[in-house]
Amino acid sequence: MGLLAGKTAVVTGAAGGIGRGVARELAREGAAVLVSDLETAAPGGEETVGLIEAEGGTAVFTPCDVTSARDCAALVDAALARFGRLDCAVNNAGIAVHKRLADVTEEEYDRVLDVNLKGVFLGMRAQIPAMVERGGGAIVNIASVAGMQAVPLISPYTASKHGIIGLTRNAAVEYGEAGVRVNAVCPNAIRTPLMDASPPEFVAELIRPQAIKRVGEPEEVGFAVAYLCSDRAAFVTGAALPVDGGYAA
Ligand SMILES: NC(=O)c1ccc[n+]([C@@H]2O[C@H](COP(=O)([O-])OP(=O)(O)OC[C@H]3O[C@@H](n4cnc5c(N)ncnc54)[C@H](O)[C@@H]3O)[C@@H](O)[C@H]2O)c1
């Protein structure tokens with residue numbers, strides 16, 4: 001029996017990268033997974049579903065733009081319609097712009113904050129009532145080491161990830177008594193399309209301070225998320241767990 005046997009989960013931004021790694025790991029641990037991403041990323045989302053099904057898991061793709069309140073509500077409705085309940089939600093969708101602060105346009109700033117921070121707010125606002133109604137659940141928000149300290153060249157991203165940790169803590173405090181646990185995971189360099197698209201010198205600089213001198217794998221984030229979603233983490237809420245090869249240390 002897996003850690004998440006009998007549970008259901010939604011994962012945003014799961015057409016590739018960390019979201020796919022997380023969705024696959026939750027499914028390996030027994031969860032039925034609603035894989036979600038932008039409509040334009042549907043082929044990648046369907047590929048994630050195929051990978052899960054090939055391993056004997058249960059998954060279905062539903063599009064959701066996390067900047068849309070309507071989409072976020074519809075995603076929860078889809079999970080309830082398909083699986084009858086929502087136990088776990090992973091708010092993973094995120095983007096970055098690589099520039100020094102004074103070179104960032106207002107539009108770039110707004111876009112990063114909209115997807116990364118407002119997306120997590122809209123996600124949790126839709127997910128929490130569905131969990132409270134059933135007596136509880138677990139939410140994991142994907143933050144970053146940039147949620148706890150400065151990382152040069154990504155200031156709007158850093159601001160958004162600090163904000164995610166703030167939202168996570170507030171939600172944890174407000175809904176603990178209702179049985180909803182809310183935690184954040186803070187990865188450093190993980191092998192994904194986002195990281196592959198980053199300037200090589202940016203990636204080298206990220207890995208240099210790590211104790212473990214390599215890029216992490218999406219599944220390694222998935223292991224932490226699966227734990228936080230599971231009953232093994234029943235006394236863990238409001239945490240920001242580094243999965244960073246020792247970068248924060
Ligand atoms: N890769 C890393 O090293 C790293 C490190 C720390 C944190 N993170 C965080 O992990 C998360 C996933 O990153 P990744 O590296 O897998 O990136 P990625 O670009 O590979 O995947 C991000 C996914 O989010 C989706 N997405 C973008 N905008 C969206 C929107 N508005 N609505 C729904 N989906 C949307 C994309 O289509 C994509 O599939 C992000 O929040 C990122 O900030 C990544």
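Numbers here are sequence positions counted from 1. Order of listing sets the numbers, starting from 1, for every ligand and every atom in it. Being a predicted model, the structure only gives us computed values, none of them experimental.
If you check the side chains of Asp244 and Gln210, you find no donor sitting under 3.5 Å from an acceptor.
The number of heavy-atom neighbours closer than 6.0 Å to CD of Glu201, taken from other residues, nucleotides and ligands shown, is above 12.
Residues in residues 78-131 take part in these ring-ring contact (aromatic ring centres under 6.0 Å, His included) pairs, two or more places apart or across chains: His98-Phe202.
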For ligand 1, run through the N/O pairs with the protein that fall under 3.5 Å and put one pair on each line.
residue, atom, partner, partner atom, Å
ligand 1, 1 (N), Ile190, O, 3.3
ligand 1, 1 (N), Thr192, OG1, 3.1
ligand 1, 3 (O), Asn188, O, 3.0
ligand 1, 3 (O), Ile190, N, 2.7
ligand 1, 3 (O), Ile190, O, 3.4
ligand 1, 8 (N), Tyr157, OH, 3.4
ligand 1, 15 (O), Thr192, OG1, 2.6
ligand 1, 16 (O), Ile18, N, 2.8
ligand 1, 31 (N), Asp65, OD1, 2.9
ligand 1, 32 (N), Val66, N, 3.0
ligand 1, 37 (O), Asp37, OD1, 2.7
ligand 1, 39 (O), Asp37, OD2, 2.6
ligand 1, 41 (O), Asn92, O, 2.7
ligand 1, 41 (O), Lys161, NZ, 2.9
ligand 1, 43 (O), Tyr157, OH, 2.5
ligand 1, 43 (O), Lys161, NZ, 2.9

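Here the closest heavy-atom approach between residue Leu34 and residue Ala78 is recorded as CD2-CB, 4.1 Å.
The main-chain N or O of Gly13 is found under 3.5 Å from a side-chain atom of Asn92 such that the two form a donor-acceptor pair.
The side-chain contact (heavy atoms from CB on, under 4.5 Å) test with Arg20 singles out one residue from Glu25, Glu47, Glu219, and that residue is Glu47.
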